[in-house]
Amino acid sequence: RAVGLGLRGPVDAAEIDEVEAFYRSEGITPEVELCPLADASLHTLLRDRGYQYRSCTSVLAYGGGILPPAPDDVEVSVVSPEQPGVWAHTIAGCMGATSPQPDNAPDILLPRSALMRSNVTGFLATIDEEPVGAGAIALGGGVAILFSDCTLPAFRRRGVQSALIRARLAAASAASYHLVVAQTVPGSDSQRNLHRHGFQAVYTNVILGRP
């Protein structure tokens, strides 16, 4: 989806035309992530073009505080140059893949593309050296963004996400990034976990699509 529209001032019809032309070229429905801080012109343009509500996401920011105890059996390490495939396949498994995916499958290519960015670091969680979860952090513009949090179904409720959050908070602190944010589905287990680790919801983005 298109993100960040309207955050630097008014939006004109030509910008939305460009977004929609891209989506048409790919044969998929145009979607815009509408931040409540966006210029009011974007609201008007999307309304007049018939955009409809699809879903929403909560944006949370880290406010500090005492972290809950770390799980004893979960190890978290930075993804090495030899591990992007393991990391991507772990994410695919977390997202519901029931069998190993080929390396050129979209479920593998999409997460691997994130690690190609120079400002992104992947983290892999293991129990007894077996991959059980994954996450990533992006650093830039004074903001550390936590994303791609996931745990394999068989290992949920064992503190895997907690260990991943702690490791990335430590990485952000080591890089002198004090503003740490994350995005979740409202009311999800991920949001509750982030609240337990000192994050607070600051606003909600609405996802709109044009039929």
Side-chain angles (χ1 to χ4, degrees), residues 1-63 88 91-98 101 104-117 119-120 134-138 140-141 143-151 153 156 161 165 179-196 199-211:
R1 65 182 69 101
V3 300
L5 290 170
L7 292 179
R8 294 184 176 178
V11 179
D12 59 30
E15 291 181 79
I16 306 301
D17 288 342
E18 185 177 357
V19 169
E20 292 181 346
F22 167 77
Y23 279 101
R24 280 197 301 273
S25 72
E26 298 296 325
I28 52 179
T29 300
E31 283 195 353
V32 173
E33 185 172 288
L34 178 61
C35 174
L37 306 177
D39 189 84
S41 60
L42 178 60
H43 296 242
T44 302
L45 283 167
L46 297 179
R47 181 197 64 209
D48 291 348
R49 290 173 182 236
Y51 278 75
Q52 298 175 358
Y53 173 86
R54 292 294 179 87
S55 61
C56 60
T57 60
S58 293
V59 177
L60 300 95
Y62 180 62
I91 290 180
C94 295
M95 297 301 137
T98 56
Q101 301 289 300
N104 62 350
D107 289 345
I108 304 301
L109 292 176
L110 183 60
R112 286 196 69 158
S113 69
L115 291 188
M116 294 178 185
R117 294 161 52 192
N119 67 325
V120 171
I137 186 171
V143 182
I145 304 172
L146 309 189
F147 68 99
S148 287
D149 294 52
C150 67
T151 305
R156 288 172 184 166
Q161 188 176 29
I165 292 171
L179 177 56
V180 185
V181 301
Q183 220 169 319
T184 68
V185 175
S188 63
D189 287 342
S190 292
Q191 180 163 342
R192 286 188 284 271
N193 275 333
L194 288 165
H195 281 312
R196 289 176 56 241
F199 285 76
Q200 297 295 325
V202 290
Y203 59 86
T204 299
N205 284 330
V206 176
I207 315 304
L208 301 174
R210 184 176 187 181

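Residue numbers start at 1 and run along the sequence shown.
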Does the side chain of Ser58 come within less than 4.5 Å of Val185's, by heavy atoms? no

Asn205 and Pro36, any side-chain heavy atoms less than 4.5 Å apart: yes

Take Tyr51 and Val206 through the side-chain contact (heavy atoms from CB on, under 4.5 Å) test and state the conclusion after the steps. CA-CA 11 Å; Tyr51 278 75; Val206 176; over 6 Å; no

Taking every non-hydrogen atom, the tightest pair across Pro153 and Gly93: CD-O, 4.0 Å

With side-chain contact (heavy atoms from CB on, under 4.5 Å) as the criterion, how do Leu60 and His195 come out once you've worked through the C-alpha distance, each side chain's angles and the decisive distance to 0.1 Å? CA-CA 9 Å; Leu60 300 95; His195 281 312; 3.7 Å; yes

Using the test side-chain contact (heavy atoms from CB on, under 4.5 Å), find all partners of Arg54 that sit at least two apart in sequence or belong to another chain. Thr29, Glu31, Ile207

Side chain to side chain donor-acceptor pair (under 3.5 Å) partners of Arg117, counting only residues at least two apart: none

Residue pair Cys56 / Pro186, side-chain heavy-atom distance below 4.5 Å: yes

Within residues 181-190 or reaching into it, pairs that qualify as side-chain hydrogen bond (donor to acceptor under 3.5 Å, both in side chains) - sequence neighbours excluded: Glu33-Gln183, Thr57-Gln183, Gln161-Ser190, Thr184-Gln191, Asp189-Arg192

Can a donor-acceptor pair be found, under 3.5 Å and without considering hydrogens, that links the side chain of Arg210 to the backbone of Arg49? yes

I need the Asp107 CG to Ile91 CD1 distance, nearest 0.5 Å. 10.5 Å

Check side chain to side chain donor-acceptor pair (under 3.5 Å) between Tyr62 and all other residues, then give those that pass, not counting sequence neighbours. none

Thr44: which residues meet the side chain to side chain donor-acceptor pair (under 3.5 Å) condition with it, sequence neighbours left out? none

Suppose we screen for ring pair (Phe, Tyr, Trp, His ring centres under 6.0 Å). Which residues come up paired with Tyr23, at least two apart in sequence or across chains? none

Which value, rounded to the nearest 0.5 Å, describes the distance between Leu34 atom CG and Leu42 atom CG? 5.5 Å

Could you pull out all residues at least two apart from Ala144 that satisfy side-chain contact (heavy atoms from CB on, under 4.5 Å)? Ile137, Leu139, Ala172, Tyr177, Val180

Donor-acceptor contact below 3.5 Å, side chain Arg156 vs main chain Thr151: yes

Are the side chains of Pro106 and Leu109 in touch, meaning some heavy atoms are under 4.5 Å apart? no

Counterpart residues, salt bridge (Lys or Arg N to Asp or Glu O under 4.0 Å), relative to Arg47 (two or more places apart): none

Could you work out, with side chain to side chain donor-acceptor pair (under 3.5 Å) as the rule, every residue matching Arg196, not counting sequence neighbours? Asn193

Identify every side-chain donor-acceptor pair in residues 5-14 under 3.5 Å, counting partners at least two apart or on other chains, and give the distances.
unit_1: Asp12; atom_1: OD1; unit_2: Ala14; atom_2: N; d: 3.2
unit_1: Asp12; atom_1: OD1; unit_2: Glu15; atom_2: N; d: 3.1

What are the two closest non-hydrogen atoms of Phe147 and Ala114, and how far apart are they? CE1-CB, 4.1 Å

Suppose we screen for side-chain contact (heavy atoms from CB on, under 4.5 Å). Which residues come up paired with Glu26, at least two apart in sequence or across chains? Phe22, Ile28

Distance-minimising heavy-atom pair for His43 and Ala38: NE2-O, 3.9 Å

Residue list, side-chain contact (heavy atoms from CB on, under 4.5 Å) with Val181, at least two apart or on another chain: Ala61, Val143, Ile145, Leu179

